[in-house]
Amino acid sequence: MSNKKTMLTLYQKTIAENVSGHIPDGNWKDYTWQLEHSIRDIATFERLTGIVLPEEEHAELEKTISKFPMNITPYYASLIDKENYRNDPIFKQAFPNPAELEISRYDMSDPLHEDEDSPVEGITHRYPDRVLFLVSNRCSMYCRHCTRKRKVGDPDHIPSKEQILKGITYIRNNRQVRDVLLSGGDPFMLPDDYLDWILTELREIPHVEIIRIGSRVPVVLPYRITDALVNMLKNHHPIWLNTHFNHPRELTRSARKALKKLADAGIPLGNQSVLLAGVNDCPRIMKKLNQKLVQNRVRPYYLFQCDLSEGLSHFRTPIGKGIEIVESLVGHTTGFAVPTYVVDAPGGGGKIPIMPNYLISYSTNKVVLRNYEGIITTYKEPDSYEPIFCDRNCEDCVLQLKLDEADETKAIGIEKLLTDANDEISLVPNGNSRLERRNNKD
Ligand SMILES: *Cc1c(COP(=O)(O)O)cnc(C)c1O
């Protein structure tokens, strides 16, 4: 008997057999083999998985993939439950649905305005101290719920060094950028030496404190997490990695092994899931997913409300579903198994956290709160509190923030309204007609 641990499931073997006519145990776990045998058309999908779609659906499916192409690794396809594929969370994330062609009034091609908030190609600079840097146009699997659906199927290429250097130069010239988030596409679709070069360039910039990588490879192509890749990454610490598991079924033995390699290399792991109708819009599925992630040293980071990108309407849930899920997690399970639920604001406002209300009421004396069980409790405010006047002059402050640590001098937004030093008492939206009338008067 061969070692059970290295054996493939029967279904994986069937797919592997269908791909190449024999059981290539070694090849199946070779990520280049997986990429070479990616499933990109309906006929191949049917031939390899044995799932046969009704003939009358073919035309619509072809139309869908001509707009939003399909690409599935044999590994990920092998996780589909063939007997009940219509309701299968893997199938729904990977296989086209003609509903993607329904564009609703509120859908946008780039709802997060990533292209507009882009000072140079590939960089989105939305927040003061960090940038999103798209370094790869390639993905090993095209998620049907991709928020960058507008780009899926763009020429599948690796950006040139000149193009990447433009982004790196931007980061070098902007000293406030202390956190660089590599995404794409999938940065792990770059060859090791190319990614090594990008990381080396970034590491040479003194103000870049951390580098983060966003990759779905641990979910859809875990064999890409090779020892060589991990050893290369280790040279560029501090590296953080966020991945994208949406359903507990995705945490297979191979995926867990990939996570272990990354965690053992000292890379803190996070997970960003997307709330998807028919896939994970269930408090029990979400609890299981987040607990399994923690068990594998992955900290649930964000739970995203599905974006308003074109072609995603069939995946969207009401925000109420997300609040219900968070309600079912807070207090009920490990604190760090609870992701922050966020809406990425249409128009480029960034991520907005959403929580159930735990603060019920307050006076100057007491705050009334409720816990996860519904118990209502009070917190007595302190009888005396000496507020420290803050004019953002840290030199004369009793609190001991050394000035070289206080790199940010000005406050913006709501933070600014809260400072003592600020003369403005309100933030007024552009085009407020009441204030326009005032201006017209004088
Ligand atoms: C999500 C995102 C970031 C990172 O945000 P964090 O809340 O720090 O994880 C940075 N830039 C852009 C454009 C983003 O969308």
Side-chain angles (χ1 to χ4, degrees), residues 76 79 87-94 111-112 132 139-149 181 183-184 186 188 212-222 240-252 255-256 258-259 262-263 268-309 312 314-330 332-345 350-356:
Y76 198 62
L79 307 182
N87 294 320
D88 187 277
I90 313 291
F91 179 80
K92 286 186 177 180
Q93 291 181 71
L112 310 181
L132 174 69
C139 277
S140 54
M141 206 265 304
Y142 297 163
C143 304
R144 302 321 295 180
H145 56 276
C146 182
T147 190
R148 299 197 188 110
K149 240 173 145 67
L181 204 170
S183 185
D186 200 309
F188 287 162
R212 298 193 249 178
I213 297 172
S215 169
R216 208 179 182 199
V217 148
V219 187
V220 294
L221 185 60
W240 292 59
L241 186 121
N242 272 334
T243 186
H244 175 176
F245 286 89
N246 284 330
H247 195 280
R249 281 249 313 274
E250 295 170 332
L251 282 145
T252 62
R256 297 197 308 266
L259 295 172
L262 292 162
L269 302 176
N271 188 66
Q272 314 195 144
S273 40
V274 184
L275 184 52
L276 297 171
V279 173
N280 59 14
D281 51 336
C282 159
R284 297 185 73 183
I285 287 178
M286 275 302 183
K287 192 194 271 182
K288 187 42 97 191
L289 170 67
N290 289 307
Q291 289 173 340
K292 271 194 164 187
L293 286 167
V294 165
Q295 203 180 349
N296 289 283
R297 290 183 278 171
V298 183
R299 166 76 153 100
Y301 181 49
Y302 284 139
L303 168 61
F304 283 101
Q305 173 65 14
C306 188
D307 286 332
L308 294 174
S309 306
L312 305 188
H314 61 298
F315 277 127
R316 275 179 220 129
T317 67
I319 287 182
K321 182 50 77 176
I323 294 179
E324 180 191 341
I325 286 168
V326 177
E327 186 75 66
S328 78
L329 297 174
V330 172
H332 297 272
T333 190
T334 310
F336 56 77
V338 185
T340 303
Y341 177 44
V342 292
V343 177
D344 217 331
K351 299 173 187 78
I352 300 174
I354 297 184
M355 277 279 257

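Not measured: the values here are computed from a predicted model. Hydrogens, waters and symmetry mates play no part in the numbers below; they use all other heavy atoms, side chains included.
Side chains of F245 and L259 form a contact here, defined as non-hydrogen atoms less than 4.5 Å apart. Residues F304 and K351 form a side-chain contact, since some pair of their non-hydrogen atoms from C-beta on lies under 4.5 Å apart. Contact annotation: the side chain of P356 never approaches that of V330 to less than 4.5 Å [non-hydrogen atoms, C-beta and beyond]. You'll find the side chain of R216 reaches within 4.5 Å of the side chain of N246, heavy atoms only. Between Q93 and H145 the shortest side-chain heavy-atom distance falls below 4.5 Å. Between S328 and M286 the shortest side-chain heavy-atom distance does not fall below 4.5 Å. Two residues are said to be in side-chain contact when any heavy atoms from C-beta on lie closer than 4.5 Å; S183 and R148 meet this criterion. Annotation: side chain of Y341 is in contact with side chain of Q305 (closest heavy-atom distance under 4.5 Å).
Closest approach of P222 to V219, counting heavy atoms only: CD-O, 4.3 Å. Of all heavy-atom pairs spanning P89 and R249, the tightest one is CD-NH1, 3.9 Å. Scanning all heavy atoms of the two residues, the minimum distance from T317 to A277 falls at CG2-N, 3.7 Å. Listed here is the closest heavy atom pair of P111 and L308: CG-C, 3.8 Å. A pairwise comparison of heavy atoms in I285 and V279 identifies CD1-O, 4.0 Å as the closest pair. For the residue pair G335 and R299, the shortest heavy atom distance occurs at O-NH1, 4.5 Å.
Between the side chain of K149 and the main chain of R144, a donor-acceptor pair closer than 3.5 Å is present. Remark: side-chain polar atoms of R256 are paired, donor with acceptor, to backbone N or O of L251 under 3.5 angstrom.
Of the inter-residue distances, the one linking K287 atom NZ with I325 atom CD1 reads 12.0 Å to the nearest 0.5 angstrom. Taking CG from D307 and CG from L112, the interatomic distance works out to 4.5 Å, rounded to the nearest 0.5 Å. I354 CD1 to I319 CD1: the interatomic distance, rounded to the nearest 0.5 Å, is 4.5 Å. Atom CG of D186 sits about 9.0 Å away from atom CG of L221, to the nearest 0.5 Å. Atoms OG and CZ, on S309 and R316 in that order, are 7.0 Å from each other to the nearest 0.5 Å. The distance from the CD1 atom of I352 to the OG1 atom of T340 is 13.5 Å, given to the nearest 0.5 Å.
Each of L329, V298, T333 was scored for a side chain to side chain contact (heavy atoms under 4.5 Å, CB included) with N290, with one residue passing: L329.
One finds no salt bridge joining E250 and K292 here, because no Lys/Arg side-chain nitrogen approaches an Asp/Glu carboxylate oxygen to under 4.0 Å.
H244 and N242 are not linked by any side-chain donor-acceptor pair at a separation below 3.5 angstrom, with hydrogens and angles left out of the test.
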